[in-house]
Each structure stands twice: as structure tokens, then as C-alpha cells.
Amino acid sequence: MLRIGVLVSGGGSNLQAIIDQIEEGNLKNVSINVVISNKKDAYALQRAEKYDIPTKVLLRKDFSSKEEYDLAMFDLINSFNVDIIVLAGCLFILPKIITENYKNKIINIHPSLIPSFCGDGFYGIKVHEEVIKRGVKITGATVHFVDEGTDTGPIILQKAVDVEDDDTPEVLQKRVMEEAEWIILPKAIEMIAQDKIAVREKKVLKK
Ligand code: GRF
């Protein structure tokens, strides 16, 4: 059984996509052992509670320094004894203590085709605003392992999505989620659960 911890900050539709695939029996030998949020009103928490998945909220304001907060987050994740950490709409940057101790054990879903439209400042709706501004015709989503950089880790899966002339950032965001994110995030977890991939020199290869 692959034990996963899911880190969220918002709506949790990617968390829902993982739950749905587990419920439907498509994602076998995977259990979500905890959902952790850095926002107390994240709707993702309600989604988890509905399925009796343990939830935890860790707020930065309850700690006097970032170091203390980072350490508390590290301890909290450790306490659930998870095999991998899934960042599903998680809007806080993981500290070194976590990325180093969970090397090639953290995955993130990013709403563009990395290395386009990624890195510092490219998150959430901003990604889609920039995609439309630049006038690219194809965008998509990427699941990648997380290293100490921003969106720089080994790429596991990508899926392309068309950009239409009359797209607003919101319309495009919805299409990227429906046609790419909700498909490739559970798929990447399945590949890890079935031990189908390995990381070699910063690349993910099929075993
Ligand atoms: C998604 O677009 C994800 O790629 C990005 O933030 C959004 C989160 O959506 N990192 P949700 O919380 O999973 O609904």
C-alpha cells in the first residue's frame, strides 16, 4: 500500500480527482493518510472529511518564525509515516528540510507545460493569464517531482490542452484542470504505486 499525504491550500479539485480514482477502484494500493492545509478555510478540507480522511491545518501565523513553522510542518508530515507527499494546489513553498528528506518522494501538479510558464510567480490563475497574453496555442499540465527549486524537478507526466481564441484565464484554467490535471495527477500516483518509474540523472524513466 502506498501511503500518501496530500498538501492543499484551496479548492481541492485535484484531491477530489485522486479520491475519485481510489473510490472507483482505478487507483489500487493507494491510501490517503492525511490532507494538510496552510489555510483553515480551504474547501479541500471538507472534501477530505467527507471521506473520513484525517485533516490537519497548520497556520504560519501560529508560529513566531518561518523556521519553527517549517519544522512543525516537517514533523507533522513525518508523524503520518507517508511514502509520498502530493502537492495538489498547495500554495506554499516547501522548505529545504522537507525537500531534502523526501527526495523524489514529493510530486506536484503544475498547470502548464514545464518549462513554459513556470517558476517564481507562476501559480494558479496567473499562469493562464500569461499563457493568453503570450498567445500560445497549446498549454497543458505537468506532474513533476519536487526538488529545492520552483518547478525544476524531474518531469513525470505532461498533457497538452488547446488554447482557444476567446478563452478567458478562468475558462482556460477549467479546461486545463478537466482535460489534463485531473487525469495525469492520479496517473502519476498510480505509476509510483506500481513501481513503474525511476529517476535517473534528473529524468524520470519507465522501468
Ligand atoms: C490547480 O490549477 C493546480 O495546478 C495549481 O493550483 C490549482 C489548484 O486547484 N497548482 P485545486 O485546489 O486542486 O482545485
Side-chain angles (χ1 to χ4, degrees), residues 4-23 27 30 32 34-51 53 55-59 73 84-94 98-99 106-133 136 138-147 149-164 167-190:
I4 68 175
V6 184
L7 271 53
V8 298
S9 301
S13 67
N14 280 287
L15 167 68
Q16 188 68 55
I18 302 166
I19 294 172
D20 290 348
Q21 291 304 308
I22 293 174
E23 292 283 312
L27 201 45
V30 173
I32 303 176
V34 64
V35 171
I36 300 173
S37 174
N38 67 327
K39 301 255 189 282
K40 69 172 183 315
D41 51 359
Y43 183 61
L45 294 166
Q46 291 183 40
R47 293 185 193 264
E49 281 157 14
K50 216 171 137 190
Y51 295 86
I53 299 167
T55 58
K56 294 281 175 192
V57 177
L58 210 58
L59 304 177
M73 181 64 79
I84 63 163
I85 301 167
V86 178
L87 309 185
C90 164
L91 292 180
F92 60 97
I93 307 285
L94 290 190
I98 298 178
T99 54
I106 309 170
I107 67 171
N108 179 47
I109 178 82
H110 181 79
S112 77
L113 294 174
I114 291 175
S116 287
F117 305 102
C118 65
D120 291 338
F122 285 94
Y123 58 88
I125 198 75
K126 289 181 196 223
V127 174
H128 307 291
E129 284 167 3
E130 291 303 317
V131 162
I132 288 171
K133 224 186 263 174
V136 297
I138 295 170
T139 183
T142 302
V143 185
H144 63 93
F145 283 112
V146 173
D147 61 12
T150 307
D151 303 326
T152 51
I155 291 170
I156 304 170
L157 285 173
Q158 294 187 296
K159 194 164 189 298
V161 173
D162 288 335
V163 182
E164 306 294 346
D167 274 346
T168 62
E170 290 75 17
V171 166
L172 183 58
Q173 181 179 47
K174 185 163 178 280
R175 188 180 312 117
V176 169
M177 283 181 166
E178 289 173 353
E179 294 183 11
E181 295 184 39
W182 300 344
I183 298 163
I184 62 174
L185 184 59
K187 179 85 193 142
I189 296 169
E190 186 192 12

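What's counted below: heavy atoms across the whole structure, side chains too, no hydrogens, waters or symmetry copies. Counting from 1, the numbers follow the sequence of the chain as shown. Each ligand, and each atom within it, is numbered from 1 in the order the structure gives.
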The closest protein heavy-atom partner of atom 7 (C) of ligand 1 is Met177 CE, 4.0 Å
**Study point:** Under 3.5 Å: donor-acceptor pair, side chain of Thr139, backbone of Ser112
**Key:** no
Please answer whether the main-chain N or O of Val163 pairs with a side-chain N or O of Arg175 as donor and acceptor at a distance below 3.5 Å. no
(Q) Whether Glu129 and Lys133 form a salt bridge (side-chain N of Lys/Arg under 4.0 Å from carboxylate O of Asp/Glu) is what I want to check. (A) no
Within 4.0 Å of some non-hydrogen atom of Gly89, the atoms of ligand 1 are 6 (O), 8 (C), 10 (N)
With a sphere of 6.0 Å drawn around CZ of Phe92, does it hold more than 12 non-hydrogen atoms of other residues, nucleotides or ligands? yes
| query | With no hydrogens and no angle check, is any side-chain donor or acceptor of Lys39 less than 3.5 Å from a backbone partner on Gly10? | reply | no
Ligand 1 atoms nearer than 4.0 angstrom to some heavy atom of Ile109 are 4 (O), 10 (N)
the protein heavy atom lying closest to atom 12 (O) of ligand 1 turns out to be Gly12 N, 2.8 Å
for atom 1 (C) of ligand 1, nearest protein heavy atom and its distance come out as Glu181 OE1, 3.1 Å
Value for CD1 (Ile183) from CD (Gln21), rounded to nearest 0.5 Å, stands at 9.0 Å
For Gly11, the ligand 1 atoms with a heavy-atom partner under 4.0 Å come out as 12 (O), 14 (O)
> Do ligand 1 and Ser13 have nitrogen or oxygen atoms that lie under 3.5 Å from each other?
Replying inline: yes
* Is there a nitrogen or oxygen of His110 sitting under 3.5 Å from a nitrogen or oxygen of ligand 1? -> no
